[in-house]
K.L.:
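Questions regarding the structure given below will be posed in turn.
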Amino acid sequence: MTHSGPRVGIFGGAFDPPHNAHHMLARAAIDQLRLDVLHILPTGQAWHKPRRLTDGTHRLAMARLAFADLPQAQVDDRELRRSGPSYSLDTARELLAQYPGCQLFLVLGEDQARALPTWHGWRELLSIATISIAKRQDSTPARGTIDALNGAQGRFLPLQTDAMALSATAIRARAAQGESIAALVCGPVARYIDHHHLYQTA
């Protein structure tokens, strides 16, 4: 398939909060996939998460702060504005229409990639986007995930990233205990969390 349009990335997540590993993955995707634009998409109604997410206005604001230094990164609120569950397939279809002839890349951490066969419309997603998977320090190699999914005739490009074992869950727990998160998120995000008293227990 030939592509006459731009190289467009999709990087979705709760971003509750966006942390340094998210930023590292976004930068790696932009550089290694030679993206013209990377859409950063805070999840709206997360059908797959058992807990209630922090209000979308806060997660959107933090994402804008976290990725502000990456010129190709565009924080996109479409999933927050969309009614009903947030499905990556809907976003991918919209971006294909927005960028005629584009080459679409779905950027995933490996924990997300392992869950891909549970996603709504995942086979169609594999058919319209190249899947780019990064490896987490505490995970099995990304190669195994790619091999497991290759039977679906998807297109895969692994992302090479430095090992960084960070989780938003652990960051929220530290913030709730009043511990410093300055080394885990960028300065503006840390200040935003503190100013708005996010993740503090009642």
Side-chain angles (χ1 to χ4, degrees), residues 8-30 35 37-68 70 72-98 104-126 128-134 136 139 145 159 164 166-173 175-176 181 184-186 188-189 192-193 196 198-199:
V8 178
I10 300 174
F11 182 24
F15 300 117
D16 194 12
H19 51 65
N20 291 343
H22 291 139
H23 186 277
M24 179 186 66
L25 181 52
R27 182 185 292 277
I30 290 168
L35 297 180
V37 60
L38 174 63
H39 283 257
I40 308 282
L41 295 130
T43 301
Q45 184 178 329
W47 59 271
H48 58 295
K49 286 188 178 291
R51 70 176 185 86
R52 184 180 180 86
L53 299 179
T54 301
D55 188 272
T57 56
H58 288 308
R59 294 185 291 112
L60 182 67
M62 288 189 289
R64 286 174 172 156
L65 294 170
F67 301 103
L70 299 177
Q72 296 92 336
Q74 179 177 319
V75 177
D76 186 331
D77 69 350
R78 76 180 69 212
E79 293 192 0
L80 293 169
R81 290 185 283 106
R82 187 182 298 147
S83 60
S86 290
Y87 294 130
S88 296
L89 177 59
D90 294 333
T91 299
R93 288 169 173 165
E94 290 174 3
L95 291 174
L96 285 175
Q98 182 177 339
L104 205 57
F105 297 86
L106 180 64
V107 177
L108 301 175
E110 199 188 354
D111 52 348
Q112 292 175 303
R114 284 198 300 268
L116 189 59
T118 69
W119 289 20
H120 170 75
W122 69 279
R123 289 184 183 276
E124 181 181 346
L125 195 56
L126 288 178
I128 62 178
T130 296
I131 312 301
S132 192
I133 304 172
R136 275 174 48 149
S139 70
T145 300
L159 275 180
M164 186 179 290
L166 276 184
S167 79
T169 301
I171 292 170
R172 291 193 301 272
I181 58 172
L184 310 176
V185 301
C186 71
V189 169
Y192 186 96
I193 290 169
H196 291 278
L198 300 184
Y199 313 126

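Treat the numbers as computed from the prediction; the structure is a model and nothing was measured.
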K.L.:
Restricting to non-hydrogen atoms, name the atom on Leu159 and the atom on Ser132 that form the minimum distance, rounded to 0.1 Å.
P.N.:
CG-OG, 3.1 Å
K.L.:
Looking only at heavy atoms, what is the nearest atom pair of Ile128 and Leu104, with distance?
P.N.:
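Heavy atoms only, the tightest pair is O-CB, 3.8 Å.
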K.L.:
Show the nearest heavy-atom pair for residues Leu198 and Ala175, with the distance to one decimal.
P.N.:
O-CB, 4.5 Å
K.L.:
Supply the atom-to-atom distance Ile30 CD1 to Leu38 CG, rounded to the nearest 0.5 angstrom.
P.N.:
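Going from CD1 on Ile30 over to CG on Leu38, the span is 5.0 Å.
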K.L.:
Assess whether side chain to side chain contact (heavy atoms under 4.5 Å, CB included) is satisfied between His19 and Leu166, documenting all intermediate values.
P.N.:
CA-CA 8 Å; His19 51 65; Leu166 276 184; 4.0 Å; yes
K.L.:
Considering only heavy atoms from C-beta outward, does the side chain of Leu35 approach that of Gln72 to under 4.5 Å?
P.N.:
no
K.L.:
Using modelled atom types and a 3.5 Å cut-off, is there a donor and acceptor pairing between side-chain atoms of Thr43 and backbone atoms of Gly13?
P.N.:
yes
K.L.:
Quick one: closest heavy-atom pair of Asn20 and Cys186, and the distance?
P.N.:
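For Asn20 and Cys186, the tightest heavy-atom pair comes out as OD1-N, 3.5 Å.
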K.L.:
What class does the angle between the rings of Phe15 and Phe67 fall in, given that below 30° is parallel, 30 to 60° is tilted and above 60° is perpendicular?
P.N.:
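Correct class here is perpendicular.
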K.L.:
Applying side chain to side chain contact (heavy atoms under 4.5 Å, CB included), run through Leu70 and His23 and close with a yes or a no.
P.N.:
CA-CA 9 Å; Leu70 299 177; His23 186 277; 3.8 Å; yes
K.L.:
Just by modelled atom types, is the Asp16 backbone N or O under 3.5 Å from a matching donor or acceptor in the Arg172 side chain?
P.N.:
yes
K.L.:
Give the intermediate values and the outcome of side chain to side chain contact (heavy atoms under 4.5 Å, CB included) for residues Glu94 and His39.
P.N.:
CA-CA 12 Å; Glu94 290 174 3; His39 283 257; over 6 Å; no
K.L.:
Return the CD to OG1 distance between Gln98 and Thr91, rounded to the nearest 0.5 Å.
P.N.:
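The CD atom of Gln98 sits 10.5 Å away from the OG1 atom of Thr91.
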K.L.:
With rounding to the nearest 0.5 angstrom, report the CD1 to CG distance, Ile131 to Leu125.
P.N.:
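With rounding to 0.5 Å, CD1 (Ile131) is 5.0 Å from CG (Leu125).
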K.L.:
Roughly how far, to the nearest 0.5 Å, is OG1 of Thr130 from CZ of Phe105?
P.N.:
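If we round to the nearest 0.5 Å, Phe105:CZ and Thr130:OG1 are 5.0 Å apart.
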K.L.:
Return the CZ to CE distance between Arg64 and Met62, rounded to the nearest 0.5 Å.
P.N.:
12.5 Å
K.L.:
Keeping Arg59 on the side-chain end and Thr54 on the backbone end, is there a donor-acceptor pair under 3.5 Å?
P.N.:
yes
K.L.:
If you define the side chain from C-beta out and look only at heavy atoms, does anything of Leu116 sit under 4.5 Å from Leu126?
P.N.:
yes
K.L.:
Given side chains that start at C-beta, do those of Arg78 and Asp90 come closer than 4.5 Å, heavy atoms only?
P.N.:
no
K.L.:
Testing the basics here: between Pro17 and Ile193, what is the closest heavy-atom pair and its distance to 0.1 Å?
P.N.:
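Shortest heavy-atom separation between Pro17 and Ile193 comes out as CB-CD1, 3.9 Å.
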K.L.:
Given side chain to side chain contact (heavy atoms under 4.5 Å, CB included), test Ile10 with Ser88 step by step and report yes or no.
P.N.:
CA-CA 9 Å; Ile10 300 174; Ser88 296; 5.6 Å; no
K.L.:
Rounded to the nearest 0.5 Å, what separation is found between the CG atom of Leu65 and the CG atom of Leu60?
P.N.:
10.0 Å
K.L.:
Of all the heavy-atom pairs spanning Ala134 and Leu25, show the shortest one and how long it is.
P.N.:
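Taking Ala134 first and Leu25 second, the nearest heavy atoms are CB-CD1, 3.4 Å.
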